[in-house]
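These notes are about the structure you will find just below.
Residues: numbered from 1 along the sequence shown.
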Amino acid sequence: RFKMAMKILVSGDVEGNLPALFKRVEAVNAKAGPFEMLLCVGSFFGPGNLGWGDYKSGRCKVPLPVFILGPTDQSQLLPYPDLAGCELCENVIYLGRQGCFTTKEGLKIAYLSGVQAEDILSAKSHNYTAANLQNLEASLKWDDPKYQGVDILLTSDWPKGITNNAGRLDSVDDLSVGSALVSRLGLLSRPRYHFSGIQGEHYERPPYRNHQSGSEQSRHVTRFIALAKVGNKEKKKWLYAFNISPMSSMVRADLVCQPAGVTDLPYREEHITVAGGGDKQQFFYDMNAKMEEGGKGKKRKRDGESGPPKPSGPCWFCLSSAEVEKHLIVSVGTHCYLALPKGGLTEDHVLILPIGHHANLVDLPEEVEQEVTKFKSALRKMYKKAGKVPVFFERNYKTQHLQIQVVPVVKEEASTVKKVFLENAASLELDLNEIPSHVPLSQLAVQGQAYFYAETPDKEKLFGRIVKNFPLQFGREVLADTRLLDMPERVDWKACSTNKEEETDATKQFRKMFSQFDFTME
């Protein structure tokens, strides 16, 4: 298969200077076009946004499809109605927080919006964290042996260490302003072109290899290009035009051709490691990336003291903890994540967990609670496709980190769930009652009160205070009942545990099943 090369334009930070951008783009398009699209890195909007209303209303036309990244500062949030990605006006498309799209010609364009958060707990709407990289890994599958790379990578931040092996720059110190997460993304996603903005500087690095010369099979090279701000007074280059054939349409010899002046890979371990941690030694979530060059992936320390309370000792469920079993993680949002349990009752049994250390549902801040609701809604949709409905339950007893257990039953048994819960509780002389749907949990459970809580597929709420000697597997016992899942032999999770390899496969299967409903990948 042979495809003609595509003509692409890329611009640096527009910062709301739309007349200058489109005037220049129209001139270049008339002279050297037609160009397929314009890709914009850095801040698209700024304080003025002169003429944006005319483009939004349709009075002025955008001359070609324009794809932009998200805000790089809190002050730029207003023009973005949906941070998950949306069309802002005809021909101006905001791509979203992170992801990859393939054009009809087969060109693969990966992107990561915003600027790196100082740590996972202080992240704002214009920031990205390691969780965003984990989502990208799930969609790109760069740990698959068949993974080749992407044609284009768009980030606002520069990668840390990009000038290594190429001579330091006087104008930009990439070691202090560059992002370790972007370096990691560049290393693992292997783009043919990587564009960045934000620093107000034009810089074209010599191409670098994505393989170790002499010891690995040849791969394509990466060209890193940083662009200046649109219409800057110093006349630094802010618009870049190039031709590119999609990787998928090229013969291997052309793709891996090594140009003159090519250097070794710039990234070293210190460039892809998020530093910090202080004496607390809290580890930043590592996303289990497989380092191909630059050494093995290491757990990265996290700095910053803000955010939810930290556990007093090791916690198996804090995402920043060294103890967390990363191979069980399905999806990571901003405040919560989804993971498979050890020894799940069924293959589609899953946990919703807060990223920070919160002990129970009563303890959750509003923004975390909202994301729990989003995960519940996404799971309902996923199970519905399989003819099932979920039961959610929490045991706030002999645990230190909130785990919302999610176990589906076939939809025909939805109306039986409440009856089976209440009858099992009565036979064990446990306190469990239906509560009105409008009564918040915080009214029933005082801080520090042990309790059991369940939500049936018909959204009935069941609540019981725990005094002592509560059966730890009560939720599983109810669902394993002959009237529901009919699997009494699986009540004890230890009897259902499997090895790490099987758990990893199960996680991949669940992630695949969940992917089309996963709002964190939008």
Side-chain angles (χ1 to χ4, degrees), residues 7-29 32-33 35-52 55 62-73 75-76 79-80 88 91-95 109-116 126 128 151-160 162-163 166 169-174 177-179 182-183 185-186 191-205 222-244:
K7 290 181 169 233
I8 309 282
L9 284 171
V10 188
S11 96
D13 303 63
V14 181
E15 291 190 336
N17 195 353
L18 301 170
L21 173 73
F22 291 130
K23 184 181 174 188
R24 179 78 185 281
V25 165
E26 280 176 337
V28 172
N29 207 24
F35 286 86
E36 297 283 341
M37 65 182 80
L38 166 65
L39 306 171
C40 299
V41 291
S43 306
F44 187 77
F45 293 104
N49 303 322
L50 191 66
W52 174 238
Y55 289 106
V62 177
L64 79 174
V66 179
F67 295 92
I68 74 168
L69 296 178
T72 59
D73 186 82
S75 64
Q76 299 162 12
Y80 293 91
L88 300 180
N91 262 354
V92 176
I93 296 100
Y94 158 52
L95 290 167
I109 303 172
Y111 54 90
L112 178 66
S113 283
V115 291
Q116 181 173 324
H126 65 285
Y128 57 85
D151 291 298
I152 297 170
L153 173 62
L154 307 174
T155 64
S156 289
D157 271 337
W158 282 39
K160 185 177 182 177
I162 188 63
T163 59
L169 287 176
D170 293 333
S171 52
V172 178
D173 178 12
D174 59 292
V177 300
S179 158
V182 170
S183 305
L185 176 57
R192 292 166 65 201
Y193 283 84
H194 180 176
F195 294 95
S196 294
I198 229 168
Q199 297 301 331
E201 192 57 71
H202 166 235
Y203 168 59
E204 296 189 30
R205 189 198 186 283
T222 295
R223 290 173 166 86
F224 173 76
I225 296 148
L227 293 165
K229 297 181 194 303
V230 168
N232 67 85
K233 291 189 178 70
E234 300 82 9
K235 302 272 192 287
K236 292 174 183 174
K237 185 170 180 173
W238 56 264
L239 191 66
Y240 185 88
F242 69 116
N243 296 338
I244 184 170

Output all residues satisfying side chain to side chain contact (heavy atoms under 4.5 Å, CB included) with Val28, sequence neighbours left out; order by chain, then residue number.
Leu9, Arg24, Phe35, Leu239

Can any side-chain N or O of Asn17 pair as donor or acceptor with the backbone N or O of Val14 at less than 3.5 Å?
no

Residue pair Tyr128, Gln116: steps toward the side-chain contact (heavy atoms from CB on, under 4.5 Å) verdict:
CA-CA 5 Å; Tyr128 57 85; Gln116 181 173 324; 3.4 Å; yes

Distance-minimising heavy-atom pair for Met37 and Leu64:
C-CD1, 3.7 Å

Contact summary for Val230 and Gly12, nearest pair of heavy atoms:
CG2-O, 3.9 Å

Starting at CG of Leu153, measure out to CG of Leu185 and round the result to the nearest 0.5 Å.
4.5 Å

Is Tyr111 reaching over with its side chain to a backbone N or O of Leu95, donor-acceptor style, under 3.5 angstrom?
yes

Using ring centroids (six-membered ring only for Trp), state whether Phe44 and Tyr94 fall under 6.0 Å.
no

His126 versus Thr72, closest heavy-atom pair with distance
CD2-O, 3.3 Å

Could you pull out the closest heavy-atom pair between Ser156 and Leu69, with the gap in Å?
OG-CD1, 3.6 Å

Could you go through Ser43 and Asp73, starting from their C-alpha distance and side-chain angles, then the distance that decides it, and tell me whether this counts as side-chain contact (heavy atoms from CB on, under 4.5 Å)?
CA-CA 8 Å; Ser43 306; Asp73 186 82; over 6 Å; no

Where is the tightest heavy-atom contact between Phe224 and Pro159, given as atom of each residue plus distance?
CE1-CD, 3.4 Å

Atom NE2 of His202 and atom NZ of Lys235: how far apart are they, to the nearest 0.5 Å?
16.0 Å

Which value, rounded to the nearest 0.5 Å, describes the distance between Ser196 atom OG and Asp13 atom CG?
10.0 Å

Using the side-chain contact (heavy atoms from CB on, under 4.5 Å) rule, take Val66 and Tyr55 through it: C-alpha gap first, then chi angles, then the decisive distance, then the call.
CA-CA 12 Å; Val66 179; Tyr55 289 106; over 6 Å; no

Plane angle bin for Tyr193 and Phe195 - parallel if under 30°, tilted between 30 and 60°, otherwise perpendicular:
parallel

Would you tell me whether Thr155 and Asp157 have side-chain atoms, one donor and one acceptor, within less than 3.5 Å of each other?
no

Reported CD1-to-CD1 distance for the pair Ile8 and Ile244, which is rounded to 0.5 angstrom
7.0 Å

Using only atom types and a distance under 3.5 Å, with no angle test, would you say the side chain of Ser183 pairs donor to acceptor with the backbone of Lys160?
yes

Straight-line distance of Lys23 NZ to Leu18 CG, nearest 0.5 Å
14.5 Å

Closest non-hydrogen atom pair between Lys236 and Glu201, with its separation
NZ-OE1, 3.2 Å

Can any side-chain N or O of Lys229 pair as donor or acceptor with the backbone N or O of Gly42 at less than 3.5 Å?
no

So Tyr203 and Trp158, would you call those rings parallel, tilted or perpendicular, with 30° and 60° as cut-offs?
parallel

Which of these passes side-chain contact (heavy atoms from CB on, under 4.5 Å) with Cys40: Ile68, Val92, Leu154?
Ile68

